[in-house]
Asks: 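If you scroll down you'll find the structure; I have some questions about it.
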Amino acid sequence: MFWLSLCFCLTVYRFDYKPKKVKVELDKKAKKRKYEYGDDEDEEVRSFVQKPRIQQSWGNEERYTDGSKWRFLEHKGPVFAPAYEPLPEKVKFYYNGKPMKLSAPAEEVATFFAKMLDHEYTTKDIFRKNFYKDWRKEMTSEEKSIITDLKKCDFSEMNEYFKAQSEARKQMSKEEKQKIKEENERLLSEYGFCIMDNHRERIGNFRIEPPGLFRGRGDHPKMGMLKRRIRPEDVIINCSKDSKHPKPPPGTKWKEVRHDNKVTWLASWTENIQGSIKYIMLNPSSRIKGEKDWQKYETARRLKKCVDRIRTQYREDWKSKEMRIRQRAVALYFIDKLALRAGNEKEEGETADTVGCCSLRVEHIKLFPKMDEQEYVVEFDFLGKDSIRYYNKIPVEKRVFKNLQLFLENKQPEDDLFDRLNTSILNKHLQELMDGLTAKVFRTYNASITLQQQLKELTCCDDSIPAKLLSYNRANRAVAILCNHQRAPPKTFEKSMQNLQTKIDEKQNQLSAARKQLKAAKANHKASHDDKSKKAVEVKRKAVQRIEEQLMKLQMQATDREENKQIALGTSKLNYLDPRISVAWCKKWGVPIEKIYNKTQREKFAWAIDMAEKEF
DNA sequence: CAGGAGACTTGTAAAGAAAATC
DNA sequence: GATTTTCTTTACAAGTCTCCTG
């Protein structure tokens, strides 16, 4: 029986799972838990990670079938940004070389700019223009009449002041720092948690964003605009009727207090730059986020089962006589093969000009019937999310290539490549192919399956733990490359690389020294043959071994870092890789989980750590 | 059925804390 | 013990996708 259940584990927690077996396993687990923890396990104590299984196995009774997200929700409301503190008299703003005292509102906005003086943003035309325009709105009419040219404004003294302030903060005594830390902890314990359905849960962002200048990414037309201060009157509170409602700060009122348990947020407000809504929600370690995350990976696993069918179908659709179907099929091929994002339309002029698959334009691809050794090569070059460049040359199948040529016919560079397609059409189609399937599921699926394959390929069973970790990171890296998760090389990269190299050199010297000593000890032992010399040999041997290990570890680190120069692993690790794959890998190879997930990550993936077994 | 509001996930940079080094 | 380096956490922008409305 034991072996039987172990076998189940082996199958069940593979990424390519069989749903029926899972159910069986879930039932068993639930029962086992129940038995293990017995009757004294009350709701409050029970960790959320068991809930998904329990609910699944108990048939999802009341609570989540009607779309509600909770029954009870109590919190203290958000923490507001501290009020503006006027600058000391001695810190001056100069206009046209002359000191000028600004009214408090104008001064506050000026400080936002002054704080960013060292940033590239303040050199950009759009940023300056937007800032200046919004700044003027805060000025008194007198100030408006005096200040007519941003170039004549001198914020440098203010900038110096803030630098000095932050320097002073660093120089504070231990006691002062301790005091601040304690105050922060108090704030966290009071406002950083809420009660949701009998659990005390950590809130993700309980502070309301302070006012400042909007920092759009890429070529954002709104960069530099003033992000205004949020007051209690702007904030909608969401909590349960029967909870203690949060109190607004003295003398203020909430915009509204509502009791909507169909949503997960605790508070919201409308931001003034894009007019979008911002939310206060729970931390990733919370039940509500964890369950959702789990669901996401379950959907990806369902895709695994029917992906062959879907692939066959879209290949078939390349031949369709309907243009829209062909476009849909080619787009889906890109999404599947290249892990492109869906690519919703965006309002022109409101955001940076970036695209995803469905919004690709003619100018973003180039076709090469022949390139080097390869045939039918497509070159992609466009700005994706966060204005990160996607550049890739890949050979495609002839049919795809011919279709692309067809799509390009009679079009201008700025025309849509897929003019008969958008994300809503695509997702509607995907929904018909599999329940819950959308474009982004392909990203999750392909990321996770890639990790699994790479781990299988790269891990050698007799590698040391550092070597295994390098393999893990390489597998992770393969995914990051697939998903195009790039980063700017860290500013100190070269230097830190050099430091590491010096360390390696030192170790090498140490090693050869230790080896020499070992040799000497051996010779000594040969000559004297006594116990003492024997012991000495052993000691030296151990030393050599230890240094060898250290050296190897350093070398692994160096390789890892070098390969990681421009690649950001975090996003894929946090959002795309089914944590059960990683956990199972750790268990299988005896790698401590802490080596791949830090504390926060372990909290976020608690559900998976708790779930996964040795093999997968 | 387009268009927009709303809700929630994904993404990078920067700040802050901790660890390593001088 | 101060300074530098590295790791962790936070901030908040920018996506995806759903749902509602006219």
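Computed from heavy atoms alone, side chains included, the values below leave out hydrogens, waters and symmetry copies. Reminder, nothing fancy here: chain letters follow the sequence lines and each chain counts from 1. Because the structure is a prediction, the values reported are computed rather than measured.
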Asks: Rounded to whole angstrom units, what separation is found between the NZ atom of A:K296 and the P atom of B:dT10?
Replies: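 In whole Å, B:dT10 P and A:K296 NZ are 4 Å from each other.
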Asks: Kindly state which residues belonging to residues 220-238 of chain A come within less than 4.0 angstrom of DNA chain C, counting heavy atoms of the residue only, listed by number.
Replies: A:H220, A:K227
Asks: Is the phosphate of B:dA14, meaning OP1 or OP2, less than 4.0 Å from a side-chain N or O of A:H119?
Replies: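 Yes, A:H119 has a side-chain N/O under 4.0 Å of OP1/OP2 on B:dA14.
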Asks: Does any donor-acceptor pair link the side chain of A:R217 with the base of C:dA14 at a separation under 3.5 Å?
Replies: no
Asks: Output the rounded distance in Å from CH2 (A:W269) to P (B:dG6).
Replies: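 Rounding to the nearest Å, CH2 of A:W269 and P of B:dG6 are 15 Å apart.
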Asks: Please work out if A:G216 contacts a base, only the sugar-phosphate, or nothing of the nucleic acid, heavy-atom cut-off 4.0 Å.
Replies: sugar-phosphate
Asks: If you assign A:R487 and A:D260 each to the DNA chain B nucleotide with the nearest heavy atom, which residue ends up on the more 5' nucleotide?
Replies: A:D260
Asks: Go nucleotide by nucleotide along DNA chain C from the 5' end; which of A:K346 and A:I208 gets its closest nucleotide reached first?
Replies: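 Going by which nucleotide is closer to the 5' end, it is A:I208.
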Asks: Is the phosphate of B:dT12 approached by A:T571 (side-chain N or O, under 4.0 Å from OP1 or OP2)?
Replies: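 Checking A:T571 against B:dT12: at least one side-chain N or O falls below 4.0 Å of OP1 or OP2.
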Asks: What is the minimum heavy-atom distance between A:M223 and A:G216, and which atoms define it?
Replies: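 Heavy atoms of A:M223 and A:G216 come nearest at CB-N, 4.1 Å.
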Asks: Check every strand shown and say whether A:N499 touches a base, only sugar-phosphate, or nothing at a heavy-atom separation below 4.0 Å.
Replies: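 Sugar-phosphate contact only - A:N499 comes under 4.0 Å of backbone atoms but never of a base.
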Asks: Roughly how many Å is it from OH in A:Y597 to P in C:dT8, rounded to a whole number?
Replies: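 About 14 Å, once rounded to whole Å.
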Asks: Using a 4.0 Å heavy-atom cut-off across all strands, classify A:S276 as base, sugar-phosphate, or nothing.
Replies: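 The residue A:S276 makes no contact with any strand.
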Asks: Between C:dC7 atom P and A:N564 atom CG, what is the distance in whole Å?
Replies: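 Distance, rounded to whole Å: 11 Å.
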Asks: Tell me the ring pair (Phe, Tyr, Trp, His ring centres under 6.0 Å) pairs involving residues 476-507 of chain A, sequence neighbours left out?
Replies: A:H485-A:Y576
Asks: Between A:D353 and A:R361, is the closest basic N to carboxylate O distance under 4.0 Å?
Replies: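 So A:R361 pairs with A:D353 through a salt bridge.
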Asks: With a 4.0 Å limit, can you tell me whether A:Q274 has a side-chain N or O closer than that to the phosphate oxygens OP1/OP2 of C:dA14?
Replies: yes
Asks: Closest approach to the side chain of A:Y279, judged atom by atom: which nucleotide of B:dT9, C:dA14, B:dG6 is it?
Replies: B:dG6
Asks: Can you tell if the side chain of A:I449 reaches within under 4.5 Å of the side chain of A:K304, non-hydrogen atoms only?
Replies: yes
Asks: Nearest 0.5 Å please: distance from the OG atom of A:S285 over to the CD atom of A:E201.
Replies: 6.5 Å
Asks: Should A:K278 be listed as having a side-chain N or O under 4.0 Å from OP1 or OP2 of C:dA13?
Replies: yes
Asks: Looking at side-chain heavy atoms only, is the closest gap between A:K565 and A:E494 below 4.5 Å?
Replies: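 Yes, at least one pair of side-chain atoms sits under 4.5 Å.
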Asks: Need to verify one output field. Residue with the more 5' nearest nucleotide on DNA chain B, A:W265 or A:A568?
Replies: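 Nearest-nucleotide comparison on DNA chain B picks A:W265.
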Asks: Under 4.0 Å between any heavy atoms, over every strand shown, what does A:Y576 touch: base, sugar-phosphate, or nothing? Just pick one.
Replies: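 Contact class for A:Y576: sugar-phosphate only.
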Asks: Give me the distances for all protein-to-nucleotides 15-22 of chain B N/O pairs that come in under 3.5 Å?
Replies:
from   : atom 1 : to     : atom 2 : distance (Å)
B:dT21 : OP1    : A:K503 : NZ     : 2.7

Asks: What about the rings of A:Y191 and A:H75, do their centers lie closer together than 6.0 Å?
Replies: no
Asks: List the steps, then state whether salt bridge (Lys or Arg N to Asp or Glu O under 4.0 Å) holds for A:D560 with A:R477.
Replies: CA-CA 10 Å; A:D560 200 33; A:R477 202 140 44 230; 3.0 Å; yes
Asks: Side chain of A:K69 only, please: which of B:dA14, C:dG15, B:dC8 is the nearest?
Replies: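 Nearest listed nucleotide: B:dC8.
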Asks: B:dG6 phosphate, OP1 or OP2: any side-chain N/O from A:S268 under 4.0 angstrom?
Replies: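 False: A:S268 side-chain N/O out of range (4.0 Å or more) of B:dG6 OP1/OP2.
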Asks: Do A:K115's NZ or CZ and the ring of A:F162 fall within the cation-pi criteria of under 6.0 Å and 45°?
Replies: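 Relative to the ring axis of A:F162, which defines the angle, A:K115 lies inside both limits.
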Asks: Please state whether the phosphate of C:dT5, meaning OP1 or OP2, lies under 4.0 angstrom from any side-chain nitrogen or oxygen of A:K495.
Replies: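 Yes.
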Asks: NA contact type, A:I273, heavy-atom cut-off 4.0 Å: base, sugar-phosphate, or nothing?
Replies: nothing
Asks: Judged by atom type as modelled, is there a donor-acceptor pair below 3.5 Å linking the side chain of A:E256 to the main-chain atoms of A:I237?
Replies: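 No, because the side chain of A:E256 does not come within donor-acceptor range (under 3.5 Å) of the backbone of A:I237.
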Asks: Quick one: A:Q557 CD to C:dT5 P, roughly how many Å, whole number?
Replies: 15 Å
Asks: Check the phosphate of C:dA11 against A:N205, side-chain N and O only, distance under 4.0 Å to OP1 or OP2. Yes or no?
Replies: no
Asks: From C-beta outward on A:M281, which listed nucleotide comes closest to its side chain: B:dA7, B:dG11, C:dA13?
Replies: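 Per side-chain heavy atoms of A:M281, the pick is B:dA7.
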Asks: I need the CG-P distance between A:N283 and B:dT9, as an integer number of Å.
Replies: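 About 12 Å, once rounded to whole Å.
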Asks: Within 45 degrees of the axis of the six-membered ring of A:F193 and under 6.0 Å from its centre: does A:R200 put its NZ or CZ there?
Replies: yes
Asks: How many whole angstroms separate atom CG of A:L574 from atom P of B:dG11?
Replies: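 The answer, rounded to whole Å, is 10 Å.
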Asks: Hey, could you give me the CZ/CG distance between A:R474 and A:L451, rounded to the nearest 0.5 Å?
Replies: 15.0 Å
Asks: What's A:R202 touching, base or sugar-phosphate or nothing? Going by heavy atoms closer than 4.0 Å.
Replies: sugar-phosphate
Asks: Name all pairs fulfilling the side chain to side chain donor-acceptor pair (under 3.5 Å) condition that reach into residues 329-352 of chain A, sequence neighbours left out, sorted by first residue then second.
Replies: A:K222-A:E350, A:R311-A:D336, A:Y314-A:D336, A:D336-A:N446, A:N344-A:T423, A:K346-A:T351, A:K346-A:T354
Asks: Just to be sure I understand the rule, does A:T351 reach a base, reach only the sugar-phosphate, or reach nothing, if contact means heavy atoms closer than 4.0 Å?
Replies: nothing
Asks: Start with the C-alpha gap between A:R389 and A:D381, add the side-chain angles, then the distance that decides, and say whether salt bridge (Lys or Arg N to Asp or Glu O under 4.0 Å) holds.
Replies: CA-CA 7 Å; A:R389 184 175 178 207; A:D381 191 354; 2.8 Å; yes
Asks: Counting only side-chain heavy atoms from C-beta out, which of C:dA14, B:dA13, C:dC12 sits nearest to A:A488?
Replies: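 Comparing C:dA14, B:dA13, C:dC12 against the side chain of A:A488, the answer is B:dA13.
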Asks: For A:E350 and B:dG3, give me the distance from atom CD to atom C1', rounded to whole Å.
Replies: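 Rounding to the nearest Å, CD of A:E350 and C1' of B:dG3 are 14 Å apart.
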Asks: Would you say a side-chain N or O of A:R602 is under 4.0 Å from OP1 or OP2 of C:dT8?
Replies: no
Asks: Base, sugar-phosphate or nothing for A:S496? Non-hydrogen atoms, less than 4.0 Å.
Replies: sugar-phosphate
Asks: For A:Y279, give me all partners under ring-ring contact (aromatic ring centres under 6.0 Å, His included), at least two apart in sequence or on another chain.
Replies: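 For A:Y279 the ring-ring contact (aromatic ring centres under 6.0 Å, His included) partners, ignoring immediate neighbours, are A:W265.
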Asks: Can you give me the N/O atom pairs linking the protein to nucleotides 17-20 of chain C at distances under 3.5 Å, or say none if there are none?
Replies:
from   : atom 1 : to     : atom 2 : distance (Å)
C:dC17 : OP1    : A:T438 : OG1    : 2.9
C:dC17 : OP1    : A:A439 : N      : 3.3
C:dC17 : OP1    : A:K440 : N      : 2.7
C:dC17 : OP2    : A:N427 : ND2    : 3.1

